[in-house]
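Here is the structure we will look at.
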Amino acid sequence: MKNKDDTNTKNVLLRIKPFPVANYITFDLDRLVVYTIYALEEKKIPLYFDFIAVGLFRFFPRKFSMANFNQYPDTNRISKAVRRLTDQKRKRWATGNIENGFHLTDLGHETAKQVFSILENPELRKNKKST
């Protein structure tokens with residue numbers, strides 16, 4: 001018997017529309033992952049690896065698809081990117097693990113909000129000066 005919450009979560013994930021490629025092609029994988037975790041959190045979707053992987057592939061198919069089978073997500077690439085976010089010596093944008101789920105840190109939330117504003121308004125990135 002299917003859980004109602006589980007069915008609702010799947011429906012929400014399957015309704016995610018991809019961003020235009022031009023809006024995200026220059027972003028690194030880590031920023032796209034932190035954005036997706038933030039977006040799923042906002043939609044009240046549990047932050048388990050499977051849901052994050054589907055969200056990443058739905059939002060950003062060009063960046064997170066397999067090289068030879070672009071109709072499928074590359075879960076190896078996704079796993080590495082998600083794990084980088086939790087690396088305490090590097091990013092520190094998230095905590096958690098694949099078995100128990102993930103949570104954004106305060107720094108992760110701030111990074112996600114910056115990415116969100118640029119994805120929604122790509123002109124901001126063009127006008128932003130390099131530092």
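Since the model is a prediction, treat every value here as computed from it, not as a measurement.
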The side-chain contact (heavy atoms from CB on, under 4.5 Å) partners of Asp74 (sequence neighbours excluded) come to Met66, Asn76, Arg77
Could you tell me how the ring of Phe19 sits relative to the ring of Phe59: parallel (under 30°), tilted (30 to 60°) or perpendicular (over 60°)?
tilted
So the side chain to side chain donor-acceptor pair (under 3.5 Å) pairs with at least one residue in residues 36-57 (sequence neighbours excluded) are Glu41-His109
Do other residues, nucleotides or ligands put more than 12 heavy atoms under 6.0 Å from the CG atom of Asp106? no
In short, Ile45 meets Thr9 closest at the heavy-atom pair CG2-CG2, 3.7 Å
Connected to Phe57, directly or through other members, by ILVMFWY side-chain contacts below 4.5 Å are none
Exercise for the section: Determine, stepwise, if the pair Leu29 / Phe64 fulfils side-chain contact (heavy atoms from CB on, under 4.5 Å). Expected result: CA-CA 8 Å; Leu29 299 181; Phe64 292 99; 3.7 Å; yes
Derivation and outcome, side-chain contact (heavy atoms from CB on, under 4.5 Å), residues Phe27 and Ile118: CA-CA 10 Å; Phe27 276 100; Ile118 295 170; 3.6 Å; yes
Exercise for the section: Answer yes or no: is there a side-chain heavy-atom contact under 4.5 Å between Leu13 and Leu40? Expected result: yes
_Connected via hydrophobic side-chain network under 4.5 Å: Tyr72 and Val33_ = no
d(Leu32 CG, Leu119 CG) to nearest 0.5 Å is 6.5 Å
Taken in chain and number order and not counting sequence neighbours, the residues that satisfy side-chain contact (heavy atoms from CB on, under 4.5 Å) with Arg92 are Gln88
Closest non-hydrogen contact found for Asn70 with Ser65 is O-CB, 3.3 Å
Applying side-chain contact (heavy atoms from CB on, under 4.5 Å) to Ile98 and not counting sequence neighbours gives Phe49, Ser79, Arg83, Phe102
Interatomic distance, OG1@Thr7 vs NZ@Lys10, rounded to 0.5 Å, equals 6.5 Å
For Ile16 and Arg58, the nearest pair of non-hydrogen atoms, with its separation, is O-NH2, 3.3 Å
Correct closest heavy-atom pair for Asp28 and Arg31 would be OD2-NH1, 2.7 Å
Check your understanding: Under the side-chain contact (heavy atoms from CB on, under 4.5 Å) criterion, do Thr111 and Lys91 qualify, and how do the steps go?
Key -> CA-CA 10 Å; Thr111 303; Lys91 298 285 184 192; over 6 Å; no
For Asp87, the side-chain contact (heavy atoms from CB on, under 4.5 Å) test, sequence neighbours excluded, returns Lys89, Arg90
Check: Distance-only, no hydrogens or angles: does the Tyr24 side chain make a donor-acceptor pair with backbone N or O of Arg62 under 3.5 Å?
Finding: yes
In terms of heavy-atom contacts, Val34 and Leu85 come closest through N-CD1, 4.0 Å
